[in-house]
Amino acid sequence: MGQEVRTNLPTGNSAPRSGRGATRDQVDHAVRTALLTGRFIPGKAVTLRGLAQELGVSPMPVREVLQRLAAENALIVRPNGRVQVPEMTAARFDEILKARLLLEPELAEMAMPHLTQRDAKTLEDIDLEIDASIGTGDAEAYMRLNHLFHFRIYASSPSEILLPLAESLWLQFAPFMRMVYGRVGTANLIDWHKEATKAIRDRDAAALRRAIASDIKEGMGMLGRDGLTSE
């Protein structure tokens, strides 16, 4: 299982709810953010009790959140209470890539009628922050902002089915992405965000679809297959 590691989970600020629901929401936000920014390392174990202590909550809401994430294939929860991100295999990588190419361009096209010039400006501002994070080599900031950029688009779609599936896919590949960036850095990252924002300004759904597909292909292509296991 490997040595247990700390994840430095963000505690965040919960919505003004009270009681058990607010605690579960806080835990859910913290763990999902940790996955999306690569604070969980593939193959490295943490414990349910350790996560609960880190977040300052009882084990119960942590167990509920982890079970939900395990159902989304983002985590593996062992009977002994240890938790880890699944190892990234070549087959898993290829399937995630295929699924992203099926879901995300479709979500972007569905979102187009609901995106405004104000949204395009917000996306341009996020992309400037992404460029800055690449320049400073801040992989965690890059991953947080890259997710924000994509889901600012996708969340504008009326989808109730495809959107959570896309979110689940990001939870599954983000820890591996962070591991690769830690090894090779962010200097060579190339994205299609400017093409995507231009497509939104031009009201060109087909161009937006192409930009998102190209961004996925080049982004995951940059990760390469180094470090993937065969099973």
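We number each residue from 1, following the sequence as shown.
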Exercise. Could you tell me which residues satisfy salt bridge (Lys or Arg N to Asp or Glu O under 4.0 Å) with Asp204, sequence neighbours excluded, listed by chain and number?
Key: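 Salt bridge (Lys or Arg N to Asp or Glu O under 4.0 Å) check on Asp204 returns nothing, list empty.
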
Quiz prompt | For Glu106, salt bridge (Lys or Arg N to Asp or Glu O under 4.0 Å) partners two or more places apart | solution =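 Per chain and number, Glu106 pairs via salt bridge (Lys or Arg N to Asp or Glu O under 4.0 Å) with Arg209.
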
Exercise. Salt-bridge test for Glu140 and Arg39: reply yes if a basic N is under 4.0 Å from a carboxylate O, no otherwise.
Key: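 Salt bridge flag = yes for Arg39 with Glu140.
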
Quiz prompt | Salt bridge flag under 4.0 Å for residues Glu54 and Arg49 | solution =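 Answer for the salt bridge query: no.
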
Would you call [X] and [Y] a side-chain contact if the rule is heavy atoms closer than 4.5 Å?
X: Asn73; Y: Pro86; value: no
X: His147; Y: Arg152; value: no
X: Arg144; Y: Thr33; value: no
X: Leu208; Y: Pro105; value: no
X: Phe173; Y: Phe93; value: no
X: Val85; Y: Leu75; value: yes
X: Val65; Y: Arg24; value: yes
X: Ile153; Y: Ile200; value: yes

Please report the interatomic distance [atom1]([X]) to [atom2]([Y]), rounded to the nearest 0.5 Å.
X: Leu145; Y: Thr37; atom1: CG; atom2: OG1; value: 11.0 Å
X: Glu64; Y: Thr23; atom1: CD; atom2: OG1; value: 10.0 Å
X: Glu109; Y: Ser157; atom1: CD; atom2: OG; value: 11.5 Å
X: His29; Y: Leu55; atom1: NE2; atom2: CG; value: 10.5 Å
X: Asp202; Y: Thr197; atom1: CG; atom2: OG1; value: 9.5 Å
X: Leu165; Y: Leu102; atom1: CG; atom2: CG; value: 11.0 Å

Quiz item: For Arg68, which residues count as a side-chain hydrogen bond (donor to acceptor under 3.5 Å, both in side chains) partner, sequence neighbours excluded?
Solution: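 Residues passing side-chain hydrogen bond (donor to acceptor under 3.5 Å, both in side chains) with Arg68: Asp28.
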
Practice problem: Evaluate the side chain to side chain contact (heavy atoms under 4.5 Å, CB included) criterion for residues Met143 and Asp138: first the C-alpha distance (whole Å), next the side-chain angles of each, then the deciding distance (0.1 Å), finally the verdict. | Solution: CA-CA 9 Å; Met143 292 183 64; Asp138 189 340; over 6 Å; no

Compare every heavy atom of [Y] with every heavy atom of [X], then report the nearest pair and how far apart it is.
X: Ala213; Y: Leu101; result: O-CD2, 3.7 Å
X: Trp170; Y: Arg100; result: CZ2-NH2, 3.3 Å
X: Gln84; Y: Lys44; result: CB-O, 3.6 Å
X: Ala211; Y: Trp192; result: O-CB, 3.4 Å
X: Val83; Y: Leu48; result: CG2-N, 4.3 Å
X: Ala166; Y: Glu104; result: CB-CG, 4.4 Å

Side chain to side chain contact (heavy atoms under 4.5 Å, CB included) with [X]: which residues, sequence neighbours excluded?
X: Ser168; answer: Glu72, Gln172
X: Asp127; answer: Ile130, Asp131, Phe149, Asp191, His193, Lys194
X: Pro158; answer: Met110, His114

Exercise. Determine, stepwise, if the pair Leu66 / Leu51 fulfils side chain to side chain contact (heavy atoms under 4.5 Å, CB included).
Key: CA-CA 10 Å; Leu66 295 179; Leu51 289 174; 4.0 Å; yes

Report yes or no: do [X] and [Y] belong to one cluster of Ile/Leu/Val/Met/Phe/Trp/Tyr joined by side chain heavy-atom distances under 4.5 Å?
X: Met220; Y: Met177; result: yes
X: Leu107; Y: Ile212; result: yes
X: Leu97; Y: Met88; result: yes

Exercise. Please check if the side chain of Thr136 supplies one atom and the backbone of Ala132 the other of a donor-acceptor pair under 3.5 Å.
Key: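 Side chain of Thr136 to backbone of Ala132, a donor-acceptor pair under 3.5 Å: yes, one is there.
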
Quiz item: Does the salt bridge (Lys or Arg N to Asp or Glu O under 4.0 Å) test come out yes or no for Lys121 and Asp125, once each step is laid out?
Solution: CA-CA 6 Å; Lys121 177 61 170 63; Asp125 291 342; 2.8 Å; yes

Exercise. Could you please spell out the steps behind the side chain to side chain donor-acceptor pair (under 3.5 Å) verdict for Thr116 and Asp119?
Key: CA-CA 5 Å; Thr116 66; Asp119 290 318; 3.2 Å; yes

Practice problem: Tell me, with the steps shown, if Glu124 and Arg201 meet salt bridge (Lys or Arg N to Asp or Glu O under 4.0 Å). | Solution: CA-CA 11 Å; Glu124 287 169 350; Arg201 286 203 180 279; 2.9 Å; yes

Quiz item: What class does the angle between the rings of Phe151 and Tyr154 fall in, given that below 30° is parallel, 30 to 60° is tilted and above 60° is perpendicular?
Solution: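 Rings of Phe151 and Tyr154: perpendicular, over 60°.
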
